[in-house]
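Input: a single structure, listed below in structure tokens.
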Amino acid sequence: MASSSSNPDTMDMDPPGLSIAVERNPPESRLAQLGVKSWPKWGCPTGKFPVKFDARQTCYLVKGKVRAHIKGSPECVEFGAGDLVVFPKGLSCTWDVLAAVDKYYKFDSS
């Protein structure tokens, strides 16, 4: 069986195993430990937006609801207000923003 990494037809696909991790309603102590309130804030209205993560991103949604469709996968992940979400480096997805988003976020430097 040939390695798919050398197949040009699969080069546009996300690396296997990339998935979105959602931690539902983490305790305030966990958010304080991460320093979430010191992170930059970002928001967006409802709509559909393609997103590619060139670095690992962790975010905490203050408000909103999103259904993320992972590129090249049937997987769909929903997250919203009160959720801590981690997007791995290299992931491409489409955000279907069902309720306007307001979030804190940070990118990992590595």
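The residues of the chain are indexed from 1 along the displayed sequence.
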One should read off an interatomic distance between Lys41 NZ and Tyr104 OH, to the nearest 0.5 angstrom, of 4.0 Å
Could you give me the CA-CA distance, side-chain angles and deciding distance for Trp39 and Phe107, then say whether ring pair (Phe, Tyr, Trp, His ring centres under 6.0 Å) is met?
-> CA-CA 10 Å; Trp39 297 351; Phe107 288 102; over 10 Å; no
*Given the rule that I, L, V, M, F, W and Y join up when any side-chain heavy atoms are under 4.5 Å apart, are Val77 and Phe87 in one cluster?*
yes
### Message
Working note: Phe79 + Leu61, criterion side-chain contact (heavy atoms from CB on, under 4.5 Å); need CA distance, chi angles, decisive distance, verdict.
### Response
CA-CA 8 Å; Phe79 48 91; Leu61 273 75; 3.9 Å; yes
**Study point:** Cys93/Lys71 under side-chain contact (heavy atoms from CB on, under 4.5 Å): CA gap, chis, key distance, verdict
**Key:** CA-CA 5 Å; Cys93 61; Lys71 184 177 178 182; 5.9 Å; no
Between Ser73 and Glu75 the two heavy atoms that sit nearest each other are OG-N, 2.9 Å
Between Phe53 and Val97, is there shared hydrophobic-cluster membership here, with clusters defined by ILVMFWY side-chain heavy atoms closer than 4.5 Å?
yes
Interatomic distance, NZ@Lys48 vs CG@Asp96, rounded to 0.5 Å, equals 4.5 Å
ILVMFWY network linking Val66 to Leu18, side-chain heavy atoms under 4.5 angstrom: yes
Heavy atoms of Val22 and Glu78 approach each other most closely as CG2-O, 4.4 Å
d(Lys52 NZ, Thr94 OG1) to nearest 0.5 Å is 12.5 Å
Exactly one of Thr46, Val101, Leu98 clears side-chain contact (heavy atoms from CB on, under 4.5 Å) with Lys65, and that residue is Leu98
Minimal heavy-atom distance between Lys103 and Trp95, with the atoms involved, is NZ-CH2, 3.7 Å
*Between Asp102 and Lys63, is there a salt bridge with N-O shorter than 4.0 Å?*
no
request  = Go through the steps for Arg30 and Leu84 under the test side-chain contact (heavy atoms from CB on, under 4.5 Å), then give the verdict.
outcome  = CA-CA 10 Å; Arg30 171 124 165 87; Leu84 186 67; 3.8 Å; yes
What one should report as the nearest heavy-atom pair of Pro45 and Ala100 is CA-CB, 4.2 Å
query = Taking C-beta and beyond as the side chain, do Asp83 and Tyr60 meet within less than 4.5 Å on heavy atoms?
reply = no
Item to complete: Give the cluster check for Trp42 versus Leu91: same hydrophobic cluster or not, with ILVMFWY residues linked at side-chain heavy-atom distances below 4.5 Å.
Response: yes
Discussion item. Let's go through Lys106 and Arg56 carefully: what are the C-alpha distance in whole Å and the side-chain angles of both, what is the deciding distance for side-chain contact (heavy atoms from CB on, under 4.5 Å) to 0.1 Å, and is it a yes or a no?
Written reply: CA-CA 8 Å; Lys106 77 167 183 127; Arg56 182 177 187 257; 5.9 Å; no
Could you check whether any side-chain N or O of Ser38 sits under 3.5 Å from a backbone N or O of Gly35, counting only pairs where one atom can act as donor and the other as acceptor? yes
NZ of Lys89 to CG of Asp54, rounded to nearest 0.5 Å, is 8.0 Å
Practice prompt. Would you kindly confirm whether Val85 and Val62 end up in one hydrophobic cluster when ILVMFWY residues are joined by side chain heavy atoms under 4.5 Å apart?
Written response: no
